[in-house]
Protein chains: 2
Amino acid sequence: MPSTTRPYRGLSAEQRKAQRRARLLEAGLDLLGTAGCERATMTAICSRAKLTERYFYESFRSREQLLLAVVDQVADEVRSTVLAAVETAPDEPHARARVAISAFVDLLTADPRKGRAAIVESAAAETLRPRRHELLREFADLIVTQARSLYGTAAHAPPRDEINALLFVGGLAELLTAWLGNEIVATPADIIEAGTEQLAAALHR
Amino acid sequence: MPSTTRPYRGLSAEQRKAQRRARLLEAGLDLLGTAGCERATMTAICSRAKLTERYFYESFRSREQLLLAVVDQVADEVRSTVLAAVETAPDEPHARARVAISAFVDLLTADPRKGRAAIVESAAAETLRPRRHELLREFADLIVTQARSLYGTAAHAPPRDEINALLFVGGLAELLTAWLGNEIVATPADIIEAGTEQLAAALHR
DNA sequence: CACAAGTGACATGAGTCGCTGTCACATATG
DNA sequence: CATATGTGACAGCGACTCATGTCACTTGTG
């Protein structure tokens, strides 16, 4: 543990560390999103990142912690993307719902690794499951909030709102899972369409 | 491999083999439904069933095959339970939907091991995922069929029906997952209620 | 240039898991 | 009772993962 640092190949110690961390995260996303959670082992991640295990422990305590960071990274991207999309959407309920759902689905299907990491594989490991739930719940909350502000009131008394939102978002997740696993004949556009309609139907009462 | 068999402890060779197989399945369900897919290892299953690995290979080729059998067993139970429930239900759409959903949710929450095995852990392993999808799809098909026969026609052109059904069933699965993981404040009754309403809303157009 | 810090390839040890084999004991049958 | 079969406890092997350590080589600094 050198108390004094120094540049190397034109990069400061912090830059190098950050770069290594990024490479580990990228390798982690790659493996989690293609080989799956089970095969996203520490050895495999280091090998793909072309880094020694020592550098793994420099940035992460354990394999699970890195996977958490990977999922969190995707979740952050989902959050910012969806929020940005919603803000630029017109004030019409149907259009607004479609924009939000579209941003969600598009991001996770455009790069299937991200979709698998955030939706499929995050449901596999016990450690990741809470994050997945949080991600879905966050998106659901956004939908509910939008719906309330547009329709003017809460549709149901709690916790029915939470339940309904999760019921909807879970369905979306299932469709994404099926799409990512080639288990369904549908395009992302189909999924967006179905989701938008179902949401409208659920709110229109 | 004895070509000649003989009774032991009052049981024939086939009876003993079937008994061992049942014990392995029970141990598998227990581990899959509590410890999780990752910890449902062959050694652990044999240990819990109090059988040697030799007897494992007598009935199953691999760990994954046993887990498949466990999930299939639960899926079979779901199928027969739901079908039986639907047949004894009145011919009214809303009631019929409620009965089907109720049978589904009740079975998987009454014995959380079954719920976890069929819904949660079956989404974890690559090998089990197709079975989970099949189970959900089967239930979805049942819903669609019921809806068609009761409302008289297909609501949408394919594959939109399939998409909508999966969207609904996936939501149910998500709610069950959340309930099984104590991630939601809701009773099975709440889930059934929400599911029934959403289904009605989705069909009523 | 000499030397310390940074890096990468590899070795080692502990712990599991899958899988096979051995051996003693239990049980049925002639 | 004697023998063959059924059973259970356990040891051993190879493979893999995690975790730590060693050593040579590269790169920057005085």
Side-chain angles (χ1 to χ4, degrees), chain A residues 1-24 27-28 31-32 35-70 121 124-128, chain B residues 1-24 26-28 31-32 35-70 121 124-127:
Chain A
M1 174 97 72
S3 57
T4 78
T5 60
R6 97 179 167 195
Y8 198 84
R9 293 172 129 233
L11 299 174
S12 77
E14 288 172 3
Q15 284 174 316
R16 277 173 283 139
K17 175 175 173 179
Q19 213 172 55
R20 286 190 290 260
R21 195 187 132 96
R23 276 169 65 186
L24 285 169
L31 282 168
L32 192 63
C37 180
E38 199 138 334
R39 300 192 181 188
T41 176
M42 191 191 288
T43 332
I45 293 171
C46 288
S47 166
R48 168 154 306 211
K50 292 185 180 169
L51 287 172
T52 313
E53 286 91 332
R54 191 200 325 165
Y55 292 116
F56 186 97
Y57 292 107
E58 176 194 47
S59 289
F60 304 97
R61 267 196 216 133
S62 66
R63 170 189 104 108
E64 309 248 296
Q65 261 223 334
L66 174 132
L67 296 183
L68 271 178
V70 168
E121 298 300 330
E126 188 63 41
T127 329
L128 302 181
Chain B
M1 174 99 69
S3 56
T4 80
T5 60
R6 85 172 179 201
Y8 198 84
R9 293 172 126 234
L11 299 174
S12 77
E14 287 173 2
Q15 284 175 317
R16 278 172 282 140
K17 175 174 173 179
Q19 213 173 55
R20 286 190 290 261
R21 194 188 133 95
R23 275 168 68 185
L24 285 169
E26 175 66 18
L31 283 168
L32 191 62
C37 180
E38 199 138 337
R39 299 192 181 185
T41 174
M42 190 191 288
T43 330
I45 292 171
C46 288
S47 166
R48 168 154 308 210
K50 292 185 179 168
L51 287 171
T52 313
E53 286 90 333
R54 191 199 325 163
Y55 291 115
F56 186 97
Y57 292 107
E58 177 193 46
S59 290
F60 304 97
R61 265 195 220 132
S62 66
R63 172 189 103 109
E64 310 248 297
Q65 260 222 334
L66 176 133
L67 296 183
L68 270 178
V70 168
E121 298 299 331
E126 188 63 39
T127 327

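These numbers were taken from a predicted model, which means no experiment stands behind them.
Non-hydrogen atoms lying under 4.0 Å from DNA chain C are contributed by nothing in residues 14-23 of chain B.
A search for side-chain hydrogen bond (donor to acceptor under 3.5 Å, both in side chains) contacts involving B:Glu26 returns B:Arg113, not counting sequence neighbours. Residues forming a ring pair (Phe, Tyr, Trp, His ring centres under 6.0 Å) with B:Phe60 (at least two apart in sequence, or on another chain): B:Phe56. Residues forming a side chain to side chain contact (heavy atoms under 4.5 Å, CB included) with A:Ser47 (at least two apart in sequence, or on another chain): none. Among residues two or more places apart in sequence or in another chain, the side-chain hydrogen bond (donor to acceptor under 3.5 Å, both in side chains) test is passed with A:Arg48 by A:Asp30. Under the rule for a side-chain hydrogen bond (donor to acceptor under 3.5 Å, both in side chains), the partners of B:Glu58 that lie at least two apart in sequence or sit in another chain are B:Arg20. Not counting sequence neighbours, the partners of A:Glu126 by the salt bridge (charged side-chain N to carboxylate O under 4.0 Å, His left out) test are A:Arg129.
With rounding to whole Å, A:Leu11 atom CG is found 15 Å from D:dT26 atom C1'. Across the protein-nucleic acid pair, B:Tyr55 atom OH and D:dT5 atom P stand 14 Å apart, rounded to whole Å. Straight-line distance from the CG atom of B:Leu51 to the C1' atom of D:dT7: 10 Å, rounded to whole Å. Taking atom CD on A:Glu38 and atom P on D:dC16, their separation rounds to 14 Å, with Å as the unit. If you take CG of A:Leu24 and P of C:dG8, they are 11 Å apart, rounded to a whole angstrom.
Summarising the geometry of A:Glu121 relative to A:Leu32, their closest heavy-atom pair is CG-O, 3.1 Å, with the distance given to 0.1 Å.
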Just by protein heavy atoms under 4.0 Å, how would nucleotides 13-26 of chain C read 5' to 3' in B, S and -?
----SSBB-----B
Would you tabulate the side-chain donor-acceptor contacts of residues 61-68 of chain A under 3.5 Å, counting partners in other chains and residues two or more places apart, or write 'none'?
unit_1, atom_1, unit_2, atom_2, d
A:Ser62, OG, A:Gln65, N, 3.3
A:Arg63, NH1, A:Cys37, O, 3.1
A:Arg63, NH1, A:Ala40, O, 3.1
A:Glu64, OE1, A:Thr127, OG1, 2.1

